[in-house]
Amino acid sequence: MPITHSTMPILLCCSIFVLNGCNDDNTNSTPIPEESIQATEEPTQTTEEPAQATEEPTQAAEESDPSLAIEEDNCDVDNFQLLDFTPWQRENGYWVGEYTLLGADGTPQVSSRWPYRYDNYKGFIHLEVIGNAIKQRNVFLYPPKLAELCDATTEALGNGQCGINGNEKIFSADQKATDCSGNISGPFESFGMTLDTNTTLIGDDTVLYQVRIPDGSIMQNQLTTLPPNDSRVRTAQGFFSGSSTYASYYRERKVTQEEFFQLLAAARVEYNILETDHCGYDNTNQPSQTTCDEHFGLDLSAE
């Protein structure tokens with residue numbers, strides 16, 4: 001659920017989120033990769049042709065179920081419980097995943113502003129459902145750039161070295177219920193803009209997350225599939241000015257809180273990420289000005 005990784009032209013964990021989201025990484029994150037033209041995504045599928053108008057326009061109203069209108073009138077969004085819906089029960093918790101982000105040409109994303117690999121990186125997402133709202137806190141870990149692709153002009157962020165050290169960035173997203181059907185929405189601030197995000201439930205195993213720029217144009221469409229086995233698969237499509245800029249493929253599994261932080265620590269060792277870079281950058285590749293403890297809202301000192 002996801003904005004996905006970079007700058008306005010990119011706007012990609014996350015995506016995010018983005019939520020992942022994200023970082024184009026973004027769960028319901030809206031990641032924004034950068035060289036957009038990347039964080040992370042074909043226009044929405046066209047719907048079937050609208051039904052032809054009947055000669056008697058009042059017929060539809062007569063056939064509608066009046067109980068639906070009554071239910072909507074009685075909807076108390078402020079006291080609504082999202083956990084009454086199966087998709088939010090499945091989404092709630094800690095997730096770890098393997099991610100791939102592709103650029104507009106269909107090959108793994110390459111960014112001059114974020115000199116790390118997008119072909120196979122990792123995401124760690126805590127999605128907490130609280131009453132009528134969700135709170136998402138993500139951190140995305142990237143392996144170091146291949147040494148043979150580093151040159152004198154390639155500089156790693158922080159104190160790391162290109163080809164030796166990986167890095168990571170964080171993403172946050174919050175949404176609230178907009179009706180009593182389990183759908184949610186919320187603003188996402190990025191690059192001086194306020195983006196509209198909307199999440200729609202489609203049955204018990206499918207969630208559609210969309211991000212739009214101020215003029216209403218689609219920036220990201222992200223589809224999440226939630227099988228009843230503590231796993232989820234997310235794919236996102238990114239757009240800028242109507243053109244495709246990136247696509248993502250995320251494979252995730254639900255874990256316990258203890259496993260979450262154990263796997264996070266192991267991934268940092270695997271990618272040789274310096275401790276000074278832990279949760280060190282935001283989805284615009286700027287210093288996050290926060291700590292992992294503050295980001296996740298947990299006391300990790302004992303972890």
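- A 4.5 Å side-chain heavy-atom check between Arg137 and Ile170 finds every atom pair outside the cut-off.
- A single hydrophobic cluster is seen to contain both Leu201 and Leu83, as judged by linkage of ILVMFWY side chains at heavy-atom distances under 4.5 Å, directly or through other members.
- Between atom CD of residue Gln220 and atom CD1 of residue Ile218 there is a gap of 8.0 Å, rounded to the nearest 0.5 Å.
- Across all their heavy atoms, Cys162 and Ala156 have their closest contact at N-CB, 3.7 Å.
- Interatomic distance, Asn183 CG to Leu208 CG, rounded to the nearest 0.5 Å: 10.0 Å.
- Taking CZ of Phe296 as the reference point, atom OG1 of Thr291 lies at 10.5 Å (rounded to 0.5 Å).
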Between Tyr99 and Ser248, does the side chain to side chain contact (heavy atoms under 4.5 Å, CB included) criterion hold? Intermediate values first, please. CA-CA 7 Å; Tyr99 299 166; Ser248 63; over 6 Å; no
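- At a cut-off of 3.5 Å, with distance as the only test, no side-chain donor of Asn283 or Lys169 sits close to an acceptor on the other residue.
- Heavy-atom minimum distance, Phe85 versus Cys180: CZ-O, 3.6 Å.
- Side-chain atoms of Asn167 and Tyr142, non-hydrogen and from C-beta on, never get closer than 4.5 Å to each other.
- Between Tyr94 and Phe260, a ring centre-to-centre spacing shorter than 6.0 Å is recorded.
- For the pairing with Tyr209, the side chain to side chain contact (heavy atoms under 4.5 Å, CB included) check across Leu223, Thr197, Thr200 returns one residue only, Thr197.
- At least one side-chain heavy atom of Trp114 sits less than 4.5 Å from a side-chain heavy atom of Tyr281.
- Taking the charged nitrogens against the carboxylate oxygens, Asp205 and Arg232 have no contact shorter than 4.0 Å, which rules out a salt bridge.
- Pairing each heavy atom of Glu252 with each of Ile125, the nearest pair is OE2-CD1, 3.5 Å.
- Contact record, Asp179 with Cys75: C-SG, 4.0 Å, taken as the closest heavy-atom pair.
- Surrounding CD of Gln262 are more than 12 heavy atoms belonging to other residues, nucleotides or ligands, all under 6.0 Å away.
- Interatomic distance, CG of Asn159 versus CG of Asp277, reported as 6.5 Å (0.5 Å rounding).
- For His278 (side chain) and Glu168 (main-chain N/O), no donor-acceptor pair under 3.5 Å exists by modelled atom type.
- For the residue pair Ile273 and Gly166, the shortest heavy atom distance occurs at CG1-C, 3.5 Å.
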For a side chain to side chain contact (heavy atoms under 4.5 Å, CB included) check, start with the C-alpha distance between Glu91 and Val129, then their side-chain angles and the critical distance, and finish with the verdict. CA-CA 8 Å; Glu91 291 263 31; Val129 181; 5.5 Å; no
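- Distance alone, capped at 3.5 Å, places no donor-acceptor pair between the Thr100 side chain and the Asn120 backbone.
- In the hydrophobic clustering of this structure, Leu274 does not group with Tyr271; members are Ile, Leu, Val, Met, Phe, Trp, Tyr whose side-chain heavy atoms approach within less than 4.5 Å, directly or through other members.
- A distance of 5.5 Å separates CZ of Arg253 from CG of Leu263, quoted to the nearest 0.5 Å.
- Between Asn229 and Lys254, every side-chain heavy-atom pair lies at or beyond the 4.5 Å cut-off.
- Residues Ile213 and Leu195 form a side-chain contact, since some pair of their non-hydrogen atoms from C-beta on lies under 4.5 Å apart.
- With hydrogens and angles disregarded, no donor-acceptor distance shorter than 3.5 Å links the side chain of Arg212 to the backbone of Asp196.
- Among residues at least two apart or in separate chains, there is no salt bridge (charged side-chain N to carboxylate O under 4.0 Å, His left out) pair with a member in residues 140-151.
- Between Tyr249 and Val233, the closest side-chain pair of non-hydrogen atoms falls below 4.5 Å.
- Looking at heavy atoms from C-beta onward, Pro144 lies out of side-chain contact with Asn165 at the 4.5 angstrom threshold.
- Pairing each heavy atom of Lys176 with each of Ala133, the nearest pair is CG-CB, 3.8 Å.
- The backbone N or O of Pro187 lies less than 3.5 Å from no partner atom in the side chain of Thr194, so there is not a single donor-acceptor pair.
- A 4.5 Å side-chain heavy-atom check between Leu141 and Leu264 finds at least one atom pair inside the cut-off.
- Expressed to the nearest 0.5 Å, how far CG of Leu127 lies from CH2 of Trp88 amounts to 6.5 Å.
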